[in-house]
*Asks:* 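One structure is given below, represented as structure tokens, and several questions about it will come after.
Please read all numbers here as calculations on a predicted model, not as lab measurements. Below, chains carry the letters A, B, ... as their sequence lines are ordered, and counting in each starts from 1.
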Amino acid sequence: MTDGIANDRLQKLQAMRAAGQDPFPARVARGQPIGELLPDFAARIGQVVTIAGRLGVVRDFGKLRFAHVADRTGSLQVGFERDRLPAFWQNRKQVEGNDLVSVTGTLGTTQKGEPTLWASTVELAAKALRAAPEKWHGLVDTEQRYRMRYVDLFANPDVRQAFATRSKIVREVRHYFDSLGYLEVETPILQPIFGGASARPFVTHHNALDMQLYLRIAPELYLKRLIVGGMERVYEIGRVFRNEGISTRHNPEFTMLESYEAWADYRDIMARVEGLFGHLVTTVLGGKGVVTFRDKPYDLKPPFQKARYLDLFAQQNPGVDWFDHASCLRRARELGLETDGIAPSKLANDVFEATVEDTLQGPIFVHDYPVAISPLAKRMADDPRVTERFELFVAGMELGNAFSELNDPIDQEQRFTEQVAHKDDETPGEVDVDYVTALEFGMPPAGGLGIGIDRLCMLLTGTTSIRDIVLFPLLRRLEANPEAPPAGAADAPQP
RNA sequence: GGGGGCGUAGCUCAGCCGGUAGAGCAGCGGCCUUUUAAGCCGUAGGUCGCAGGUUCGAGUCCUGCCGCCCUCACCA
């Protein structure tokens, strides 16, 4: 045995080829979905049908064998009888567990009443050269599950179910916005200037244009150009990329929903978010609004609680003034936070995150954020230090971010200039002049929203690690990396 | 990056205080026409993550490295 390929399976494959049988035929008799057969099985007894799928463990009785066949919709026991399958019987062991097969036969039951397809024709659809994981435990090793998701998926039905639910969630998000007259659009992933969020970008290069490009950290600035263009209601569901740490809540590429609606403000968007959750509770959770996440229940049925950002800050940090750097610094040190080289507004927000975020079990809208940490949001008319912005928190996890969009090009340019002046790795090195130009042509008042789809799916499915709701989470590659050879690699022949 | 844990057969896991590497499932050879974690008899399968060290002797103890998980930090 080498590298997981079983020699005996290879030998069977070669024996079949030698006998003129193709172990990977282009087509076999197509099956009907197994799930269609099961609900009224009793009424179907006697019918001749074909099913196709992956073969489970074979239970051998000498002149009779049983095995389940599973397709995407379900699984059904197949009975193989020597007397009904004389041709197949001779080489029956060439078809074994984990092979893909197409089986035609008569629906019936066993003596114990198990629904069974009594086979009359068996076709090998594709030979499996590797055995399936153990039937009882499935594939358990987390690393193997992520690295070999294809095995995880066929071996662990719960995993397939989780991704089917993710698919449904995304579909229902689309339905919700479509029903409100939003247009789904696609904007650039390769961007010459990155913006719309604060995060380190991935950097790449276009050869023909000899141009440095960034993978987007957010689609925001392009979507708002569309609002200027008169599209009025747009949304995008797409991948964004942030060159930062990996954790149970962070994957370097993740799926973001962003929506923008002209003539709406952040109060309207709050209602949209509640509408969206109401829709998801009905369609995805079957009306039951309570989900369990990290062993705690959360009621996702709107309406949601609301609290002002500065009120929450004051509650957890009595005597500390968010806008007073000295008092925030004192508090940050008390909390043991990193304070060196941190901008005052960021430091104040760090204090907020350290003291408030974990208390936000929610669902709760935290609203009216300081302008210094909200460079793209419109100021409140009666207090220019804060903006018309809210974030949605559930289980201490930030799920969404929304605001009345800043459409004053002069204010916007000043804020961009301010950012560039205090540039760090997470801010672009130049002002997005074209975006300011777009605003100069006039953008209607608008409300925008961003929701992390992966985290939304985690919440709705009770999944605690983002890797369990992303099909192929980023992992370090196993092969020797020339920059970091494994110990002992010096003895290996160099290519 | 810090702390903790894990890595043994294709899969799931034992392996105690250092003394010749094990089981179940899958496989192979048998028996069995109603099983469904089938059963019974037999058989094969190992770079114990990698590399060093200590020792008469290392899966086990020590060091370094690789990978994964958890956690903290980072992270709108």
*Asks:* What integer distance in Å separates A/K135:NZ from B/U12:C1'?
*Replies:*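 For the pair A/K135 NZ and B/U12 C1', the rounded distance is 12 Å.
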*Asks:* With sequence neighbours left out, write down each residue that passes side chain to side chain donor-acceptor pair (under 3.5 Å) with A/S259, or none if nothing qualifies.
*Replies:* none
*Asks:* Across the strands shown, which category fits A/T142 at heavy-atom distances under 4.0 angstrom: base, sugar-phosphate, nothing?
*Replies:*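 Result for A/T142 = sugar-phosphate.
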*Asks:* Is the Lys NZ or Arg CZ of A/R385 less than 6.0 Å from the centre of A/F323's six-membered ring, within 45° of the axis?
*Replies:*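 Geometry flag: set, cation within 6.0 Å and 45°.
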*Asks:* Under the ring-ring contact (aromatic ring centres under 6.0 Å, His included) rule, what do A/F403 and A/Y369 come out as? Steps first, then yes or no, please.
*Replies:* CA-CA 9 Å; A/F403 33 87; A/Y369 279 65; 9.4 Å; no
*Asks:* So that I can tick it off, tell me whether A/R415 and A/E418 are bridged by a salt bridge, with the cut-off set at under 4.0 angstrom between side-chain N and carboxylate O.
*Replies:* no
*Asks:* Atom CD1 of A/I217 to atom P of B/C74: distance rounded to whole Å?
*Replies:*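 To the nearest whole Å, that distance equals 19 Å.
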*Asks:* Just how far, in rounded Å, is C1' of B/U35 from CD of A/E81?
*Replies:* 13 Å
*Asks:* Out of B/C70, B/U35, B/C66, which has the shortest distance to the side chain of A/K112?
*Replies:* B/U35
*Asks:* Indicate, with a heavy-atom threshold strictly under 4.0 Å, whether A/D83 touches base, sugar-phosphate, or nothing.
*Replies:* base
*Asks:* For a quick check of understanding: with a heavy-atom distance under 4.0 Å over all strands, which category does A/R147 fall into, base, sugar-phosphate or nothing?
*Replies:* sugar-phosphate
*Asks:* Which way is the base of B/C11 turned, syn or anti, if we draw the line at 90° from 0?
*Replies:* anti
*Asks:* Figure out the CG/P separation between A/L85 and B/U33, and round it to whole Å.
*Replies:* 15 Å
*Asks:* Determine whether the aromatic ring of A/F66 stacks with the base of B/U35, defined as ring centroids separated by less than 5.5 Å and ring planes inclined by less than 30°.
*Replies:* yes
*Asks:* Once you apply the 3.5 Å cut-off to both distances, tell me the Watson-Crick or G-U wobble partner of B/C17, or none.
*Replies:* none
*Asks:* So A/P473, base contact, sugar-phosphate only, or nothing? Heavy-atom distance under 4.0 Å.
*Replies:* nothing
*Asks:* Check the phosphate of B/C70 against A/R467, side-chain N and O only, distance under 4.0 Å to OP1 or OP2. Yes or no?
*Replies:* yes
*Asks:* Would you indicate, yes or no, if B/U71 has its OP1 or OP2 atom less than 4.0 angstrom from a side-chain nitrogen or oxygen of A/T248?
*Replies:*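 Yes, such a contact exists.
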*Asks:* Considering every strand and a 4.0 Å limit on heavy-atom distances, what is the contact class for A/D141: base, sugar-phosphate, or nothing?
*Replies:* sugar-phosphate
*Asks:* Side chain of A/R59 only, please: which of B/U33, B/C69, B/U36 is the nearest?
*Replies:* B/U36
*Asks:* A/Y369 near the nucleic acid: base, sugar-phosphate alone, or nothing, with a heavy-atom cut-off under 4.0 Å?
*Replies:* nothing
*Asks:* Over all strands shown, is A/E244 touching base, sugar-phosphate only, or nothing at heavy-atom distances under 4.0 angstrom?
*Replies:*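 The answer is sugar-phosphate, as A/E244 gets under 4.0 Å only of primed atoms, P, OP1 or OP2.
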*Asks:* Base, sugar-phosphate, or nothing for A/R294, non-hydrogen atoms under 4.0 angstrom?
*Replies:* sugar-phosphate
*Asks:* Could you check which of B/U12, B/C32, B/A38 has an atom nearest any side-chain atom of A/D60?
*Replies:* B/C32
*Asks:* Regarding A/E353, tell me which of base, sugar-phosphate or nothing describes its non-hydrogen contacts under 4.0 Å with the strands shown.
*Replies:*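 Nothing, no heavy atom under 4.0 Å.
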*Asks:* With heavy atoms under 4.0 Å as the rule, sort A/G79 into base, sugar-phosphate or nothing.
*Replies:*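 Result for A/G79 = nothing.
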*Asks:* Any idea which of B/C28, B/C25, B/C68 is nearest the A/D8 side chain?
*Replies:*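 Out of B/C28, B/C25, B/C68, the nucleotide with an atom closest to A/D8's side chain is B/C28.
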*Asks:* Please list, chain by chain and in numerical order, all residues satisfying side chain to side chain donor-acceptor pair (under 3.5 Å) with A/Y266, sequence neighbours excluded.
*Replies:*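 In terms of side chain to side chain donor-acceptor pair (under 3.5 Å), with neighbours along the sequence ignored, A/Y266 is linked to A/D368.
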*Asks:* Just name whichever nucleotide pairs with B/G42, Watson-Crick or G-U, keeping both distances under 3.5 Å, else none.
*Replies:*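 Across all strands, the one nucleotide that pairs with B/G42 is B/C28.
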*Asks:* Using a 4.0 Å heavy-atom cut-off across all strands, classify A/S374 as base, sugar-phosphate, or nothing.
*Replies:* nothing
